[in-house]
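Worksheet for the structure shown next.
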Amino acid sequence: AHHEDLTVREDCKAGFSEEDYTALISQNVLEGEKLLKVRFSSCLGTKGMQYETNSLDFKVGADGTVFATRELKIPSEQVAFTVTARERQTAERWDTVVRLLVAQTSSPHSAHKKGKTIVALDPFQPPRDTLLPWPQRQSSSGLRRQKRDWVIPPINVPENSRGPFPQQLVRIRSDKDNDIPIRYSITGVGADQPPMEVFSIDSMSGRMYVTRPMDREERASYHLRAHAVDMNGNKVENPIDLYIYVIDMNDNRPDFINQVYNGSVDEGSKPGTYVMTVTANDADDSTTANGMVRYRILTQTPQSPSQNMFTINSETGDIVTVAAGLDREKVQQYTVIVQATDMEGNLNYGLSNTATAIITVTDVNDNPPEFTTSTFAGEVPENRVEMVVANLTVMDRDQPHSPNWNAVYRIISGDPSGHFSVRTDPVTNEGMVTVVKAVDYELNRAFMLTVMVSNQAPLASGIQMSFQSTAGVTISVTDVNEAPYFPSNHKLIRLEEGVPAGTALTTFSAVDPDRFMQQAVRYSKLSDPANWLHINTSNGQITTAAVLDRESLYTKNNVYEATFLAADNGIPPASGTGTLQIYLIDINDNGPELLPKEAQICERPGLNAINITAADADVDPNIGPYVFELPFIPTTVRKNWTITRLNGDYAQLSLRILYLEAGVYDVPIIVTDSGNPPLSNTSIIKVKVCPCDENGDCTAIGAVAAAGLGTGAIVAILLCIVILLTMVLLFVMWMKRREKERHTKQLLIDPEDDVRDNILKYDEEGGGEEDQDYDLSQLQQPEAMEHVLSKAPGVRRVDERPVGAEPQYPVRPVVPHPGDIGDFINEGLRAADNDPTAPPYDSLLVFDYEGSGSTAGSVSSLNSSSSGDQDYDFLNDWGPRFKKLADMYGGGEED
């Protein structure tokens, strides 16, 4: 496989070099005649491009050459068709238009005959006048026929001309300018369309000029139209087409699409193997030598094993190998400098450019892996798995960590049982001999393996495996102390239950696999849930230590299971376990039990009966069918009750007498199973006899009576319930009344409260929160006393100052003691309660009046002394509410 990594330049744009191509051809075209060449620029080179046309007469070759498919005679002045370039891989397509102009030639005789003159222009000779064609008219038969216009040959203008400018190209002149004045003009791209004013014309003389140097790479041709009108603007002649071609000069060097090309070739490739393609484009005309590029290789680095390992096709740029000896292990990469020269590779006249081709020699598997030594050795303990016992090292000169280098190991002999496998280390490529199946020292003390190594990829053609691709591996097995094992594990024995203690059951012995070690095996119990068994520590004989019971909870599905341990005296000691399963055969050692234990029946026979059955812990044939019978003693049992057999497992118990008083009766019943010999058991069933309704169901009162409670007891219970509910109701009413009294007669303050450290509740004033319907204007203090004195006796406002004798309130001492505050409040309260002039309890209370006319005097009469005679330290004992006063007056003279 060959790889080519091309770095595409950012300014690369695929497409035709021209939007349309124009060529001058003769009227008669031969088959296969080359007419012109279209040039297509591709970012990946022209290789893989396919050209098509929409004409059956013309085709395009792989190099862009347009040729005729058959011999043609062109009937018209020009032929136009579309050329399409298609990319095979991406199916992308580009279009251009090709116009083929037919050159018209005329002899002097014909020119005089038509009254016209046409002169072809030579771009390297002075321009001559060209007459605008004049239409011929014929008047025969009254008809007018206009002859088609002459086609003016293209005008060739060399690019990069140095002037002087404007430079005359041609003179256009009509043969009517002898009769009337004519004005000439030109239109089209380069005249009145962008690029503007490249060409100009003298409107009076008809001389056309080029105004600046031309660049064929910017635009290769121009299509103009010449017009002739009179001074009034009326058309005198039909417009004539002018085709101007820019003659190419070699002013552009070949330009490689990429400066660096990357390719690859396999090592050992034969001469002529394709490597890569380099492509250079020349902006000059590719149909001339100016745009014809040729390639050659300048240098090759390194020059090993030959200085000419590669060659290049001078026309296509394909690089191929030219010599044998490519070896990646010696030279991994070549750097080739490629030169592209136009003028068909003429180094004297052509322009050149260079690019770099980096050719990587890719690896092939031409070196088989080889072991570094012919023999390897390892050691493994027996009974070990997933253990690496030997590392096999190999050498491979191919590219590391590739399929040509990665090793694959295979054991070809010495391990028929598959105890070992060889895995490849992905980092070091070493082979790791691993134990995958445990080995036994007693069977194999050593293994001799033969291992072969190869690669993931097959060897290249013509490469043979090396003798060093196989090696021998010797693996020694070491003996370890193995645990004894019980050959029959789980061991099952069968015997009847109930065998006496000390009965020998079996010998449960183990085998020590270490045949080459003289070791003794000792036995012990590991699990014996019921402690029924005993094992001889020397020979493993099992005897019973207790009676075995099949019905025990330790037995599951008639099987009792015990586990024993066998240990040797090796270093270190090893042990193995074995399980003994004892299947117990049932004997008739359990009597049947009556079911159910309790039942209910009506006090009169015939309404219902009790279905009874039995349960036996034994199994068939030591269970049913059962025999149910009543005992003869006491005699009342058979007198009052009777048993009717239903089937082998069920019977019915019913009343024999016509009426039995309600109550609970213990009825004994003898149940006998069908074992050999049969076992009997006397069971008691509690039967509740009760009155029943018409459906045979016990009534509620009957059920209670049957339970043993008489009518008096039931009445007493109901009376106790009524008394208890009455007491609860009385207690609730008493609690509500007490709560109401507590709200109406609550003390002002609890004596136990400390007035200095508690929030005191002084109760409500007035009628409470519900009494909100009073006039707030009553709170206004009177300013004068006359209106009070003028009122009738016994009528006054409760918020006014009393006019009568005022009560004598206790005088507060000058220096009160903290303990006197409570007494002071209580004395004031008593005085207010005894004051006959005080308002009622539901009214607004006036404790004192300090407004206008008050006897209390002004507060301003109080003054503080700074003499220091007064001691205010007692304020510190009145609590946190007096702390501020204590700080103000109790601090001494520190401030």
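The chain is numbered in sequence order, starting from 1. Side chains included, hydrogens not; waters and symmetry mates left out as well; all remaining heavy atoms used.
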Side chain to side chain donor-acceptor pair (under 3.5 Å) partners of residues 378-395, not counting sequence neighbours, each pair once: Thr372-Thr393, Asn383-Glu482, Glu386-Arg423

Ion pair Glu87/Arg93, N-O distance below 4.0 Å: no

Sequence neighbours excluded, every pair satisfying side chain to side chain donor-acceptor pair (under 3.5 Å) that has a member inside residues 538-555: Arg522-Ser538, Arg550-Asn558, Arg550-Asp586, Glu551-Asn590

Between Asp95 and Thr82: side-chain donor-acceptor atoms closer than 3.5 Å: no

Residue pairs involving residues 295-312 (criterion side chain to side chain donor-acceptor pair (under 3.5 Å); sequence neighbours excluded): Arg296-Gln339

Side chain to side chain donor-acceptor pair (under 3.5 Å) against Asp512, all qualifying residues, sequence neighbours excluded: Gln519

Among Asp285, Asp284, Asn281, Asn290, side chain to side chain donor-acceptor pair (under 3.5 Å) partner for Asn252: Asp284

Ring geometry between Trp532 and Tyr560 (parallel below 30°, tilted from 30 to 60°, perpendicular above 60°): tilted

Spatial distance of atom CG (Leu392) from atom OG1 (Thr375) [nearest 0.5 Å]: 11.0 Å

ring-ring contact (aromatic ring centres under 6.0 Å, His included): pairs with one or both residues in residues 307-365, sequence neighbours excluded: Phe310-Tyr334

Asp363: side chain to side chain donor-acceptor pair (under 3.5 Å) partners, not counting sequence neighbours: Arg328, Asn404

Residues that Tyr409 engages under ring pair (Phe, Tyr, Trp, His ring centres under 6.0 Å), provided they are two or more places apart: none

Residues that Asp63 engages under salt bridge (charged side-chain N to carboxylate O under 4.0 Å, His left out), provided they are two or more places apart: none

Identify all side-chain donor-acceptor contacts of residues 431-454 below 3.5 Å with residues at least two apart in sequence or on another chain.
unit_1, atom_1, unit_2, atom_2, d
Thr434, OG1, Met432, O, 3.2
Asp440, OD1, Glu442, N, 3.1
Thr450, OG1, Ser413, OG, 3.0

Residue pairs, two or more places apart or on separate chains, that pass side chain to side chain donor-acceptor pair (under 3.5 Å) and touch residues 462-476: Glu370-Ser466

Do any side-chain atoms of residues 351-359 form donor-acceptor pairs under 3.5 angstrom with protein atoms, and if so which ones, sequence neighbours left out?
unit_1, atom_1, unit_2, atom_2, d
Ser352, OG, Thr341, OG1, 2.7
Asn353, ND2, Pro254, O, 3.1

Glu92 vs Arg86, salt bridge (Lys or Arg N to Asp or Glu O under 4.0 Å): CA-CA, chis, key distance, verdict: CA-CA 6 Å; Glu92 191 174 2; Arg86 187 187 308 275; over 6 Å; no

side-chain contact (heavy atoms from CB on, under 4.5 Å) against Lys59, all qualifying residues, sequence neighbours excluded: Thr53, Phe67, Thr69

Gap separating the OG atom of Ser524 from the CG atom of Asn536, nearest 0.5 angstrom: 12.0 Å

Phe564 and Tyr523 aromatic centres sub-6.0 Å: no

